[in-house]
Amino acid sequence: DALARYMWMNGYNVLHPMGWDSFGLPAENAAIQNNTPPREWTLGNIAKMKAQMKRLGFAYDWSREVTTCLPDYYHWNQWFFLKFYEKGLAYRKKSKVNWCPQCATVLANEQVLPNGCCWRHEDTLVEQRELEQWFLRITKYADELLRDLEKLDGWPEKVRTMQRNWIGRSEGALVDFKLDYAEDRSGFGPAGGTISVFTTRIDTIFGATSVQLAPQHPIVADLAASNPDLRAKVDQLIVEQRKAKEGGDIGEIEKHGVSTGRYAINPFNGEKIPVWVANYILMDYGTGAIMSVPAHDDRDYEFAKKYNLEIRLVVLPISNDPEETVTEPRLPFIAHEGMLINSGRFSGLECADAIKKMSAYAEEKGFGKPTVTYRLKDWGISRQRYWGTPIPMLYCEKDGIVPVPEKDLPVILPANVDITLAGGSPLGRVPEFVNVTCPKCGGPARRETDTMDTFVDSSWYFYRYTDAHNDHAPFDSKTVEYWFPIDQYIGGVEHAILHLIYSRFWTKFMRDLGLVTDDEPVERLFTQGMVIKDGAKMSKSLGNVVSPDEMVARYGADAARLYSLFAAPPDRDLDWQDSGIEGIQRFLGRVYRFVTRNAASAARAQAESPSATPLSPQARQIQRKLHQTIKRVSDDFQGRWHFNTCISAIMELVNALYAYEESAMAESQSTGSSSAALLAEVQHDLVLLLAPFAPYLAHELWEMLGEKGNLLKAAWPKYDAALAKEEELEIPVQINGKLRSRVTVPAGASESFVLERALADEKVRSSIAGKQIVKKIFVPGKLVNIVVK
RNA sequence: GCCGGGAUGGCGAAAUUGGCAGACGCAGCGGACUUAAAAUCCGCAGGUCCGAAAGGACUGUGGGGGUUCGAUUCCCCCUCCCGGCACCA
């Protein structure tokens, strides 16, 4: 808000909106707990929070307010969903999904914590369930999402790295290993007789001495179907893997495996190698199957040592010294800088070259191909909960999946629904919602009863701010063109992956629809720190919250605003201390008292014509301080946003003004007309400098100074470099780098002048007495250092 | 293990390009005002040591080393804290 106010005062047209991301599980759960319908509960909270925001003096443009849980907004979620479906980017798939038993709904991968627990229930383990789900094909944009991170140089490196890791692009190859009984498939299930393996090191394939499958791999199920003993052992591996995920240290799982007793054929050399099942192979990465090359991978090495599998060297290090060849490198030898041996026709190639040639060869022969895998998965958006956007799809016995026609949007979320956690989607229990006629055949159809993930709501809301009341489109593209991309987005790091990757995806999709011209929605991103109180993040769940109402009641809105900016720079966490805000309150009192007791004389001085009398040295000093302060505050708004030091600077100015008043009184100087005019200027500029931070006080004082009109339209004070310049400087004098004295010289004094003064200084003379001057260092305006021996 | 960020008085912090470490504020101490208190105003204040005091000496930005006339700032090594990722094949 301070920044927006500053920009306004500098003549910019600022879009400074606020809205309510108000669908979702937390709201629904709270509503259930409070035995209130979610809509009522949510709108009630919005009203409360809006009042709090207004009380805090946020200059939001409420005419642009967006509320995602109201039909005029979620209408367009549904519209976008139809567009995704039209373009083949929304699809329905039966799949294993993350299921939180507490939320009683599916979670996106992004909503499962690294320890396998729910993001909302940090001690509830997420289960896997097979369900029909709607997915958005975010993976279509995986490469672009990754590539365009390079363009986002206004984003913190940290966020870009997190997104890069999340997308997790990995170049490699798929290679098919046929099971040795592939010719005779009798008795084997639908998975067939081929194991497709993903590897980034196809160059080491001649060193593969086993194939390792994830315990959940479909072929394992086939093999174990007729083998209860194997089934039991595999189940044990699954349990171990679950436990490790639960403990959050899958990386440190003790490797276990079991041989299936079967063999697979390495297509490169026709060799039969054993097929194992291992607890360290993850079904949700790559193909859930690997070729194990113990000599060139440390995990495979560890496993092979444990189970006594063959370790075969196929890459030798390339030595810097051509005379020397290392024939027995320390195992496992993982580096890519090597040369192939024991690899048939590929022996002698360097690794990088071999990777290209061997994957091309596999493709040519039809048993593999170069491929890229991603950690990023398609976005599952179905939620079996009530409080969300209804998915605008119908199921007709005759026509199958039928989208709701655009003209029938929005599909309104029915009110008065019995929400319980049991029995699947609550909407499924509302017959008048579920039972519809198929728009294609006129026969009976059922509505989709799942709702959309809330992250859908937040993926494009910022575009809606430009045109919040449009009822025939999500927004007008021309209007968007004027405002977008967003110059400055501000939010917590907790949005680094989820929200900010979905938003980027949505923007790229809207671009491909021709709705927007942006590749990226946000030009500059600023990640704020959190508010810490009593050593913990301030949060509703921990109960260490200072409510804004309480704050405003006790200290006033301005003090609360100023303190939250003063306590730490905004990119750092902020340690909330009640005693700190009291100090700010005192400061505001000092400002108020100063301006009020001088307001009358200032007004008078303004009315009179300024006299030509030169300013007293003290008054000149105040003038200088004022201009220095204007510079410091302005610079920070344009640069680092370290508002804590801006506020310090204003405090210093006020302290100087108090000292000036006192000295003027002590010397019983009658304030001449030029001094009075200066005072008037100082008061005006002081009020303007405070306006972005403390708008209430600033407006009050602004009127007291006889000014009229909105402070947001008042011009930000200009600083005058000539007036800000010091006339005299105190230059520190160091001897051998240690401070020994200071000399006062006119600003811009020459080297010889300053050195002469320094060497004439009493303390300096005694310090260097009897020593030899080796070197004299003069940094203009900064210091003098005399090196002696 | 990998990738970010961080460590400065009793506390929140500042030092923007290698140039006076601790601005500003909190808490503290002293003084003024007051019958008194609150509020307000003024002043002191990194640590250790010397000195009655004025003042002075040494030391000090997580630890160790280096570059430099000079390092909170640059380089190397290490410790701890916070966040993210992690048998990703």
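In what follows, every chain begins at residue 1, and chains take the letters A, B, ... in the order their sequences are listed.
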Identify whether any heavy atom of [X] sits under 4.0 Å from a base atom; if not, whether one sits that close to sugar-phosphate; answer base, sugar-phosphate or nothing.
X: A:Q734; result: base
X: A:N655; result: sugar-phosphate
X: A:F566; result: base
X: A:R593; result: sugar-phosphate
X: A:P569; result: sugar-phosphate

Options B:rA89, B:rA14, B:rC24, nucleotide nearest the side-chain atoms of A:M651: B:rC24

Side chain of A:W166 - closest among B:rC85, B:rG19, B:rA15: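 The listed nucleotide nearest to A:W166's side chain is B:rC85.
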
Does a side-chain N or O of [X] approach OP1 or OP2 of [N] to a distance below 4.0 Å, or not?
X: A:K158; N: B:rG5; result: no
X: A:R590; N: B:rC24; result: no
X: A:N785; N: B:rG19; result: no
X: A:T645; N: B:rA15; result: no
X: A:K738; N: B:rU59; result: yes

A:F268 and A:F367 aromatic ring geometry - parallel, tilted or perpendicular at 30°/60° bounds: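 Geometry flag for A:F268 against A:F367: perpendicular rings.
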
Spatial distance of atom OG (A:S579) from atom OH (A:Y563) [nearest 0.5 Å]: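 The distance works out to 7.0 Å.
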
Pairwise distance CG(A:L146) to CG(A:L376) - rounded to 0.5 angstrom: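 If I round to the nearest 0.5 Å, the distance is 10.0 Å.
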
Atom pair distance, as rounded to whole Å: CG in A:D635 and C1' in B:rA15: 16 Å

Nearest-Å distance for atom pair CZ/P, residues A:R160 and B:rG4: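 Rounded to the whole Å, the gap is 13 Å.
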
Residue whose closest nucleotide on RNA chain B lies nearer the 5' end, A:G737 versus A:K763: A:K763

Heavy-atom side-chain proximity of A:W276 to A:I281 below 4.5 angstrom: no

N/O donor-acceptor pair, side chain A:N165 with base B:rC85, under 3.5 angstrom: no

Flag for A:E661-A:N598: side-chain donor and acceptor within less than 3.5 Å: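 Side chains of A:N598 and A:E661: pair found under 3.5 Å.
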
Glycosidic class, syn or anti, of B:rG9 using a 90° window around 0: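 Base orientation relative to the sugar is syn.
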
